[in-house]
Enquirer: 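Following this message is one structure expressed as structure tokens.
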There are 2 protein chains.
Amino acid sequence: MSIRDLARALDISIGTVSRALNDRADVNPETRRRVLEAAAAMGYAPNQSGRSLRQGTTNAVAFMIPNDHDVAALGNSFFMSVSDGLQPVLMEAGLDLFVLLCPSEMDKNAFLRRVVERRIADGVIISSIERQDSRIDYLVGRNVPFVALGRSLSGGAHAWVDLDFEGVIAQSVSRLARLGHRRIAFSSAGGRINFSFIFAEAYRRALEAEGLSFDPALMIREDGTEEGGYRLGDRLLAMPEPPGAVILADETMAIGLYRRLYEAGLTPGRDLAVIGFRDSPHCRFLSPPLTCFRLSLHDLGRRLGEIMLERLKGGGGADRPPQEIWPMELVAGESDGRPSHRLRPPAASA
Amino acid sequence: MSIRDLARALDISIGTVSRALNDRADVNPETRRRVLEAAAAMGYAPNQSGRSLRQGTTNAVAFMIPNDHDVAALGNSFFMSVSDGLQPVLMEAGLDLFVLLCPSEMDKNAFLRRVVERRIADGVIISSIERQDSRIDYLVGRNVPFVALGRSLSGGAHAWVDLDFEGVIAQSVSRLARLGHRRIAFSSAGGRINFSFIFAEAYRRALEAEGLSFDPALMIREDGTEEGGYRLGDRLLAMPEPPGAVILADETMAIGLYRRLYEAGLTPGRDLAVIGFRDSPHCRFLSPPLTCFRLSLHDLGRRLGEIMLERLKGGGGADRPPQEIWPMELVAGESDGRPSHRLRPPAASA
DNA sequence: GATGGAACCGTAAACGTTTACGACGCTATC
DNA sequence: GATAGCGTCGTAAACGTTTACGGTTCCATC
């Protein structure tokens, strides 16, 4: 079922069929109608490989997301929501969206190179951006249209979209300081992901802005998972001089942290102030409600699509590529009360 | 950077280059070495469109997952984990995996047709199978290699893999009955998804097997989300004759249900026995621990990949397509205690 | 009636691969 | 020394499209 069959059935040339299907000008309206009708009737759709080969374009955009274990928690709901906004924008423009999962064992650079060199997509969206990310240098070097979901020190004038980590931390610290907190801990996953660095830097600056001193012992590295949050609770409880508040770089941690606190007979918000990061559905049912920050991932995804289309059309022209930081809005819960000094479990203090 | 450039650089014919790259027999080992070396040095990778066009095969498998709102909750962790097992198997065989998200506004059938007709992938994995699913008829009719993640009444002898819903319900009901429960509710999302029907049917049969009577009021339809679980709690509390136990078709509901119970001053396991479905990471931190069922989604994904490879190789031969039901193993928590009659909130009973 | 132009359509090349086929050179055999 | 066979390689066709180019028809104009 190729264009040839369709042409034969209609007794016209394949050139005309192609023009009719592609809405070109120089074709008789009546002919176009017949072609479209026959195509629908015979269930014809152009072979994408043929088109790609001829046009040098695949009509597809690849969204590369890592399947790492540490991102699995975050990634799930996060990337799905983003894709949900991204997809319709691309589809509107006649582009397919291929979500590509980079296997955990495979090098992200090698994976990306493979995708680009085999010409699987016209444009790429990369995520989980590292502080220095060679994928960006590679894409810039090969002049591949792309958008990064996350900032980086690499590259330079490439398009990216990112969340306002600085704003989140600044708001959190200042809010806690207003409540009277002077020892505010911060927990992040570390690693090479750039937002870990941004978070850490913003944390120090925010403390400074509030006139609070920085204590290295209060910057705690734990996975951004439920388990990580549980272990964070362990560590906080074991500290000789525990903080009165903790800010989480990943709200998923709150689930584990809450659990650990409850096990110790403590209540979040009363015995330890907790502020989470994103207002994710899985945390919406924590009790007491978690203070965190809202952002429409759907809108973010849509914007990502728009930028992608721009990059594809522009062909890497002289226009400044957009670089956007999306603010997040505080959602006040009841998890971040005034300081108390009850963090030691009752058993220990008895 | 095509095969022609590579051939020119090596001063041999493109035919030989192609044979060398594709590990064909009739090529001098020394020549092959030179070709591979040059390809690596010059960063050459065969253009996928060219290959596809010539071979009539795309070296890709499409994993079509819906982006519906009701599956968004389930889908997140579920599909990611499955993909994580699936991906390496395909990659080992030189196949790319494209995760395709069907936009919520778009008809699933139209989306699938588009994918198949444009020859985007050699094989398809479909999910969220409905009781009668025309996608299956379509794929069978067009002789497209595929595996369904979920049973259906449609099709017939096609390959599928599914979870053992019957076993889960039978185990849950019998376990609760042994604990002395006689009024056991069941909550599922309904809709056209086949597992809703399977669950409902299995529920009735399991009651019968235990000599318990079926009460339509105890089959409660709610979304398989946190919110759905919360509303389920509302409804249970409002019942004139509340059940002593409830089985959830989606463990995510447990999060909302727990919350609602706590708000009413009630404790899962003591005041209401709760059994969830899957042992998902998001429920692992519920307190008291949720009784649910374990299954390695990673293994399931791997098996899905193996079956896909089989289907692609077999070319739809005379062999029986595999149809597998994966058993799930009970993980005893503390959420399913003996019956009590304290479901009415203390305020109401006081 | 010759000419120009517009509207429409057919022809054929090109995209980058793979692969059937045949050609070449060499060695071993009778 | 002719021949067969093997190992290696080049040639060219084919996959399904799109598109530049030229051709045909028809109508309007001078």
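These figures come from a predicted structure and were not determined experimentally. Both backbone and side-chain heavy atoms feed into the values below; hydrogens, waters and symmetry mates do not. Sequence lines set the chain letters: A, B, ... in the order given, protein chains first and strands last, and positions in each chain run from 1.
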Enquirer: Using the salt bridge (charged side-chain N to carboxylate O under 4.0 Å, His left out) rule, collect all pairs that involve residues 35-55 of chain A, keeping only residues at least two apart or in two chains.
Expert: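 As it turns out, the salt bridge (charged side-chain N to carboxylate O under 4.0 Å, His left out) pairs with a partner in residues 35-55 of chain A, which skip direct neighbours, are A/R33-A/E37.
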
Enquirer: Angle between the end axes of the helix from C/dG1-D/dC30 to C/dC30-D/dG1, five pairs per end, to the nearest 10 degrees?
Expert: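 Nearest ten degrees gives 60° for this helix.
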
Enquirer: State whether a side-chain donor-acceptor pair under 3.5 Å links B/S49 with B/S52.
Expert: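 Note: B/S49 and B/S52 side chains miss the donor-acceptor criterion.
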
Enquirer: Looking at residues at least two apart in the chain, or sitting in another chain, which of them share a salt bridge (charged side-chain N to carboxylate O under 4.0 Å, His left out) with A/D137?
Expert: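 Counting only residues at least two positions away or on another chain, A/D137 forms no salt bridge (charged side-chain N to carboxylate O under 4.0 Å, His left out).
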
Enquirer: With B/D107, which residues qualify under salt bridge (charged side-chain N to carboxylate O under 4.0 Å, His left out), at least two apart?
Expert: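 Residues passing salt bridge (charged side-chain N to carboxylate O under 4.0 Å, His left out) with B/D107: none at all.
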
Enquirer: Is it true that A/R135 and A/E130 make a salt bridge, defined as a side-chain N closer than 4.0 Å to a carboxylate O?
Expert: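 Judged by the 4.0 Å cut-off on N to carboxylate O distance, A/R135 and A/E130 do not form a salt bridge.
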
Enquirer: Taking salt bridge (charged side-chain N to carboxylate O under 4.0 Å, His left out) as the cut-off, I'd like each qualifying pair that reaches into residues 146-156 of chain B, sequence neighbours left out, listed once.
Expert: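 Listed once each, the pairs are B/R151-B/D162, B/R151-B/E166.
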
Enquirer: Kindly give the heavy-atom pair with the smallest separation between A/A20 and A/L36, and that separation in Å.
Expert: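 Taking A/A20 first and A/L36 second, the nearest heavy atoms are O-CD2, 4.5 Å.
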
Enquirer: According to the ring pair (Phe, Tyr, Trp, His ring centres under 6.0 Å) rule, which pairs have a member within residues 87-116 of chain B, sequence neighbours left out?
Expert: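 Those involving residues 87-116 of chain B are A/F98-B/F98.
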
Enquirer: If the condition is side chain to side chain donor-acceptor pair (under 3.5 Å), which residues does A/R131 pass it with, not counting sequence neighbours?
Expert: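 Partners of A/R131 under the side chain to side chain donor-acceptor pair (under 3.5 Å) test: A/N194.
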
Enquirer: Going 5' to 3' along DNA chain C, which nucleotides are the first and last within contact of chain A (any atom under 4.0 Å from a heavy atom)?
Expert: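 Nucleotide range with atoms under 4.0 Å of chain A: C/dC8 to C/dG16.
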
Enquirer: Contact class for B/T31 vs. all strands (heavy atom < 4.0 Å): base, sugar-phosphate, or nothing?
Expert: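 Since only primed, P, OP1 and OP2 atoms lie under 4.0 Å of B/T31, the category is sugar-phosphate.
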
Enquirer: What is the distance from CZ of A/R24 to P of D/dC21, rounded to the nearest Å?
Expert: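 Taking atom P of D/dC21 as the reference, CZ of A/R24 is at 14 Å.
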
Enquirer: Looking for any heavy atom pair under 4.0 Å, which part of the strands does A/S18 touch: base, sugar-phosphate only, or nothing?
Expert: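 Touches a base.
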
Enquirer: Is the closest basic N to carboxylate O distance between B/R32 and B/D23 below 4.0 Å?
Expert: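 A salt bridge is present here (some side-chain N lies under 4.0 Å from a carboxylate O).
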
Enquirer: Quick one: on DNA chain D, does B/D26 or A/L53 contact a more 5' nucleotide (nearest heavy atom)?
Expert: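 Of the two residues, B/D26 wins.
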
Enquirer: Kindly assign one of parallel, tilted or perpendicular to the pair A/F79 and A/F63, based on the angle between their ring planes and the thresholds 30° and 60°.
Expert: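 Taking A/F63 first and then A/F79, their aromatic rings stand perpendicular (interplane angle over 60°).
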
Enquirer: Residues two or more places apart in sequence or in another chain: which of them pass side chain to side chain donor-acceptor pair (under 3.5 Å) with A/R4?
Expert: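 Expected list: none.
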
Enquirer: Within residues 7-14 of chain B, find the residues that approach DNA chain D with a heavy atom at under 4.0 Å, and present them sorted by residue number.
Expert: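 Those residues are B/I12, B/S13.
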
Enquirer: Under 4.0 Å from any atom of DNA chain D, heavy atoms only: list the residues of residues 33-47 of chain B that qualify, in numerical order.
Expert: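 The answer is none.
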
Enquirer: Within the 4.0 Å heavy-atom criterion, would you say A/G15 contacts the bases, only the backbone, or no part of the nucleic acid?
Expert: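 Contact class for A/G15: base.
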
Enquirer: Applying side chain to side chain donor-acceptor pair (under 3.5 Å), name anything that partners B/R114, two or more places apart in sequence or on another chain.
Expert: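 Partners of B/R114 by the side chain to side chain donor-acceptor pair (under 3.5 Å) criterion, ordered by chain and then number, come out as A/D96.
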
